[in-house]
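Note sheet for the following structure.
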Amino acid sequence: MCGFDDQAKMGDSLNTQKSIAQQYNHYAGECSTKARRNKLMDILNEEHEMQFEVFTAMQKRGWYNPQQAETKKQQQACKEYTQMEKQL
């Protein structure tokens, strides 16, 4: 037995859910029919719900507390996005 504690197991679960969601997102963009895309989007939504449940459980236990970005970084990201949007 490898001896992972609950925090490590939940962290692994969260990372796994993130990876799965990335894969479904990729494949949904590659679908050749709307029906297939819709099915993958349904599954993707389910994966996001599971990811959020794990995230919330970890956050309640104090095991996962993402830091809010500094105001300056938020403003810079908004500025860059706005510039990219204008180029489209």
Side-chain angles (χ1 to χ4, degrees):
M1 195 88 184
C2 57
F4 285 119
D5 62 8
D6 288 344
Q7 183 177 358
K9 289 176 188 176
M10 290 185 80
D12 184 57
S13 293
L14 183 61
N15 288 331
T16 299
Q17 286 304 133
K18 289 178 181 180
S19 179
I20 290 169
Q22 287 176 335
Q23 291 299 314
Y24 276 114
N25 187 59
H26 172 78
Y27 293 124
E30 299 288 322
C31 286
S32 59
T33 67
K34 189 162 182 90
R36 286 183 185 154
R37 181 187 175 279
N38 288 344
K39 182 60 180 171
L40 284 175
M41 293 301 291
D42 290 342
I43 295 169
L44 176 61
N45 188 51
E46 291 172 14
E47 293 298 331
H48 279 289
E49 289 298 322
M50 287 186 270
Q51 178 183 334
F52 185 70
E53 287 177 21
V54 175
F55 168 84
T56 302
M58 290 185 73
Q59 196 173 39
K60 285 180 183 177
R61 291 171 174 84
W63 295 342
Y64 193 79
N65 295 307
Q67 300 298 312
Q68 184 172 348
E70 298 171 13
T71 302
K72 185 177 180 179
K73 289 183 180 181
Q74 291 176 1
Q75 291 170 342
Q76 181 63 31
C78 288
K79 181 180 175 182
E80 290 173 12
Y81 175 78
T82 302
Q83 289 173 346
M84 285 188 282
E85 187 177 41
K86 288 178 182 177
Q87 293 174 2
L88 296 176

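The chain is numbered in sequence order, starting from 1.
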- Message: If you apply the rule side-chain contact (heavy atoms from CB on, under 4.5 Å), what do you find for Gln68 with Gln74, and how did you get there?
- Response: CA-CA 9 Å; Gln68 184 172 348; Gln74 291 176 1; 3.3 Å; yes
- Can you hop from Met41 to Ile43 via hydrophobic side chains spaced under 4.5 Å? yes
- Query: Quick one: are Asp12 and Phe4 in side-chain contact, heavy atoms under 4.5 Å?
  - Reply: no
- Query: Roughly how far, to the nearest 0.5 Å, is CG of Leu44 from CD of Glu49?
  - Reply: 10.5 Å
- Task: Write down the atom of Arg37, the atom of Ala28, and the distance for their closest heavy-atom approach.
- Result: CG-O, 3.6 Å
- Query: How long is the gap from CH2 on Trp63 to CG on Leu14, to the nearest 0.5 Å?
  - Reply: 12.5 Å
Tell me which donor-acceptor pairs under 3.5 Å the side chains of residues 81-88 have, and how far apart each pair is, sequence neighbours excluded?
from: Thr82; atom 1: OG1; to: Cys78; atom 2: O; distance (Å): 2.8

- Message: For the OG1 atom of Thr56 and the CZ atom of Arg61, what is their distance to the nearest 0.5 Å?
- Response: 10.5 Å
- Message: I'd like to know if the side chain of Ser19 reaches the main chain of Asn15, judged simply by a donor and an acceptor atom lying under 3.5 Å from each other, with no hydrogens or angles considered.
- Response: no
- Message: Within the 4.5 Å heavy-atom criterion, are Tyr64 and Val54 side-chain neighbours or not?
- Response: no
- How many angstroms lie between atom CD of Glu47 and atom OG1 of Thr16, to the nearest 0.5 angstrom? 10.5 Å
- Message: Distance check, rounded to the nearest 0.5 Å: His48 atom NE2 versus Tyr24 atom OH?
- Response: 12.0 Å
- Query: How far does CE of Met58 sit from CG of Asp6, to the nearest 0.5 angstrom?
  - Reply: 10.5 Å
- Message: Just checking Lys39: does its NZ atom have more than 12 heavy atoms from other residues, nucleotides or ligands closer to it than 6.0 angstrom?
- Response: no
